[in-house]
Amino acid sequence: MSTLAISLSLSLSSSSSSRPRPRPRPPLPQLNPRKSGKGALGVVAVCGEEEKKNPWGTLFDVEDPRPRVLQLKEGKSKFLDMNQAIEVARLDIQYCDWRARQDVLTIMTLHDKVVEVLNPLAREYKSIGTVKKELAELQEDLASAHKQVHISEARVATALDKLAYMEALVNDRLLQDRNTSDSDQSSHSPSTSSSSSMTVSSSKMSRRSLNVSGPVKDYPPALKNFWYPVAFSDDLKADTMIPVDCFEEPWVLFRGKDGEPGCVQNTCAHRACPLHLGSVNEGRIQCPYHGWEYSTDGKCKKMPSTRLLDVRIKSLPCFEQDGMVWIWPGDAPPMATLPSLQPPTGFTIHAQIVMELPVEHGLLLDNLLDLAHAPFTHTSTFAKGWSVPSLVKFLTPASGLQGYWDPYPIDMEFRPPCMVLSTIGISKPGKLEGQNTRQCSTHLHQLHVCLPSSKQKTRLLYRMSLDFAPILKHIPFMHILWRHFADQVLNEDLKLVLGQQERMINGANVWNWPVTYDKLGIRYRIWRDAVERGAKQLPYSNPKKISGEWF
């Protein structure tokens, strides 16, 4: 590869099998002059022991004009005439040109060495275009391989389902034969065999389903021993109160004199009046009935018209983090750390909405952790125009509560005890494009907090963040539009989930036949069941430990 070609382009394909190098010659240390008949300076390239003329040598094969200048000045008188002066000037210009050519040659030689050291593509005679073409071909091969992997996974899943079905048939047949034999030997009636077969069939069914039926049971104490977000920090002003129901107990949030949030029982110790009907006075919440005032720790600090007594109402540990107010409703000592709910880096919060929904929080979490229903339920909102894939899967580690949907570009995570985080890759607002979130240039991040207010009521905290269009945050009344859109989406779900709840209360099981795309919802139910049973080691709490799998 010639040095001049390298200076014009970082790489250029060469048909020769080895790289020619210019021979050093003076006046620079790298250069070695070869004199022609007129003393001209020639440029050659050395490859092994064979010398070849440099194709660009004519650019540098220029006569050094300095000897002619000396001859002209020595052979004449002290004074030069006009023609002689012009000749000297012409030779000076030639010298400048000669000098510039030598400098260019030196720079090209050094550049060639730098390219050899820093650019392995040039050493291998591969142009950038060639490399790009090869990379594109590799990307196509990877995409094809990725697609083939999904096809193989689908085939394996189908084969496993068929295997399980065949296993059930074989077991039932073996059991039936055994029962028939037992019946012949012990003269049992046929109904006994039928009953046993039904028992096995029922047992087989129970392995593939969850029992989430009947009226909602009382919440176990273990489910309360978590930090729960109950309000957005921006909604809790210095002179405001926020009443909150949590696990069927009434509480009220307000800020103390130091500005820190507090949570106390929403019932006055005097006459059981709701405290949120009163006001906040110098960092104390004042009962509207007789003016008793309580601090954030629940102690009564003022009793107008009577002697101050040692009275205290129940209070909860309260903390503020990531723009949210958290409480600890359980009896166990609070955990030292709170889970982070901040949007990912680069995202700006655009909307924060609080809703009270007449749904048990577990059913609402089931709905939020399920994306396969979107093309059928949300046809008038965010899933309008979505196609219905032949197979929807949630891909996750064996012991994880997070992963991504296939074929939708959506990452999702269930974060105990009641939070769902999702990141949706979009090319334009309201449109899905790409197989994963990394292939999308813009994203929507969502946080759903489902606080269990009561057995049939959920306090929903919704936060929406975008990594594009930051100007939308400053448009007047934009929050009203986001609220309207959120209401539309939730209303599409509510009419279905409320129907589920009604059936469940009357005894129907809402988790009869889990399938592949139910994986994340199933894992949430397994986690919650372990919490309610008081298990010492909760499933999916240790990412290195592989728990029992459903799929």
Side-chain angles (χ1 to χ4, degrees), residues 218-221 223-336 338 352-358 361 418 449 451-461:
D218 292 336
Y219 290 111
L223 194 58
K224 301 178 182 181
N225 290 322
F226 292 91
W227 283 107
Y228 284 86
V230 292
F232 292 112
S233 297
D234 294 342
D235 295 337
L236 188 61
K237 309 298 183 184
D239 58 347
T240 60
M241 295 170 290
I242 299 179
V244 174
D245 288 339
C246 183
F247 293 108
E248 303 193 21
E249 291 188 69
W251 305 94
V252 60
L253 305 173
F254 67 102
R255 293 191 181 275
K257 195 172 183 179
D258 56 359
E260 296 297 322
C263 180
V264 299
Q265 187 177 6
N266 192 12
T267 304
C268 182
H270 181 211
R271 302 281 291 276
C273 180
L275 292 176
H276 77 275
L277 299 178
S279 61
V280 177
N281 182 24
E282 296 181 353
R284 298 186 299 270
I285 190 169
Q286 185 183 65
C287 178
Y289 208 171
H290 297 91
W292 289 23
E293 296 184 5
Y294 301 88
S295 58
T296 54
D297 61 357
K299 184 173 179 59
C300 186
K301 295 291 187 178
K302 191 174 182 180
M303 296 179 181
S305 307
T306 186
R307 181 171 59 88
L308 183 62
L309 303 175
D310 186 13
V311 176
R312 183 185 297 269
I313 59 176
K314 187 177 179 181
S315 64
L316 295 179
C318 189
F319 202 83
E320 192 169 20
Q321 178 178 288
D322 296 340
M324 309 188 82
V325 179
W326 304 65
I327 63 172
W328 181 275
D331 296 329
M335 288 184 287
L338 281 73
Q352 295 185 150
I353 301 171
V354 180
M355 298 181 180
E356 301 288 343
L357 305 177
H361 90 288
C418 63
V449 178
L451 180 68
S453 298
S454 66
K455 294 179 181 179
Q456 297 180 35
K457 183 180 176 183
T458 299
R459 179 179 174 87
L460 175 65
L461 276 64

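Side-chain atoms are counted along with the backbone in the values below, which use heavy atoms only and exclude waters and symmetry mates.
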Q: Can you tell me how far apart CD (Glu356) and CG (Leu460) are? Round to the nearest 0.5 Å.
A: 9.0 Å
Q: Got a sec, which pairs hit ring-ring contact (aromatic ring centres under 6.0 Å, His included) with one end in residues 305-329, sequence neighbours left out?
A: Trp227-Trp328
Q: Are there more than 12 heavy atoms of other residues, nucleotides or ligands under 6.0 Å from atom NZ of Lys302?
A: no
Q: Using a 3.5 Å distance criterion without hydrogens, assess whether the side chain of Asp258 forms a donor-acceptor pair with backbone atoms of Glu260.
A: yes
Q: Within this structure, what is the OG-NZ distance for the pair Ser295 and Lys257, rounded to the nearest 0.5 Å?
A: 11.5 Å
Q: Show the numbers, then the answer: is there a side-chain contact (heavy atoms from CB on, under 4.5 Å) between Met335 and Asn225?
A: CA-CA 9 Å; Met335 288 184 287; Asn225 290 322; over 6 Å; no
Q: Determine, step by step, whether Met303 and Leu309 satisfy the side-chain contact (heavy atoms from CB on, under 4.5 Å) criterion, reporting the C-alpha distance in whole Å, the side-chain angles of both residues, the deciding distance to 0.1 Å, and the verdict.
A: CA-CA 8 Å; Met303 296 179 181; Leu309 303 175; 3.8 Å; yes
Q: At their closest point, which heavy atom of Ser315 faces which heavy atom of Thr296, and how far apart are they?
A: CB-O, 3.9 Å
Q: Taking Gln286's backbone N and O only, do any of them form a donor-acceptor pair with Asn281's side chain (distance below 3.5 Å, no angle check)?
A: no
Q: Any side-chain hydrogen bond (donor to acceptor under 3.5 Å, both in side chains) involving residues 229-254? Give me the pairs, sequence neighbours left out, ordered by first then second residue.
A: Ser233-Glu320
Q: If we only count heavy atoms from C-beta on, is the Leu277 to Pro288 side-chain gap below 4.5 Å?
A: yes
Q: Which is it for Leu451 and Cys246 under the side-chain contact (heavy atoms from CB on, under 4.5 Å) test, yes or no, and what are the steps along the way?
A: CA-CA 7 Å; Leu451 180 68; Cys246 183; 3.8 Å; yes
Q: Taking atom CZ of Phe254 and atom SG of Cys318, what is their separation to the nearest 0.5 Å?
A: 9.5 Å
Q: For the residue pair Leu236 and Arg255, establish whether any side-chain heavy-atom pair is separated by less than 4.5 Å.
A: yes
Q: Would you say that Cys418 contacts Val449 through its side chain, given a criterion of any heavy-atom pair below 4.5 Å between the two side chains?
A: yes
Q: Write down the atom of Ala231, the atom of Ile242, and the distance for their closest heavy-atom approach.
A: CB-CD1, 4.0 Å
Q: Short question: side chain of Tyr289, backbone of Pro274 - any donor-acceptor pair under 3.5 Å?
A: no
Q: Start with the C-alpha gap between Asp218 and Lys455, add the side-chain angles, then the distance that decides, and say whether side-chain contact (heavy atoms from CB on, under 4.5 Å) holds.
A: CA-CA 8 Å; Asp218 292 336; Lys455 294 179 181 179; 2.5 Å; yes
Q: Measure the OG1-NE2 distance between Thr267 and His276 for me, rounded to the nearest 0.5 Å.
A: 10.0 Å
Q: If only atom types and distance count, is the side chain of Asn266 paired as donor or acceptor with the main-chain N or O of Leu275 below 3.5 Å?
A: yes
Q: Test of understanding: with ring pair (Phe, Tyr, Trp, His ring centres under 6.0 Å), list the residues that count as partners of His270, not counting sequence neighbours.
A: His290, Trp292
Q: Out of curiosity, Tyr228 OH to Arg459 CZ, how far, rounded to the nearest 0.5 Å?
A: 15.0 Å
Q: About how many Å separate OH of Tyr294 and SG of Cys268, when rounded to the nearest 0.5 Å?
A: 3.0 Å
Q: Short question: side chain of Asp331, backbone of Pro221 - any donor-acceptor pair under 3.5 Å?
A: no
Q: Would you name the heavy atoms of Cys300 and Leu308 that are closest together and state the gap between them?
A: O-CD1, 4.0 Å
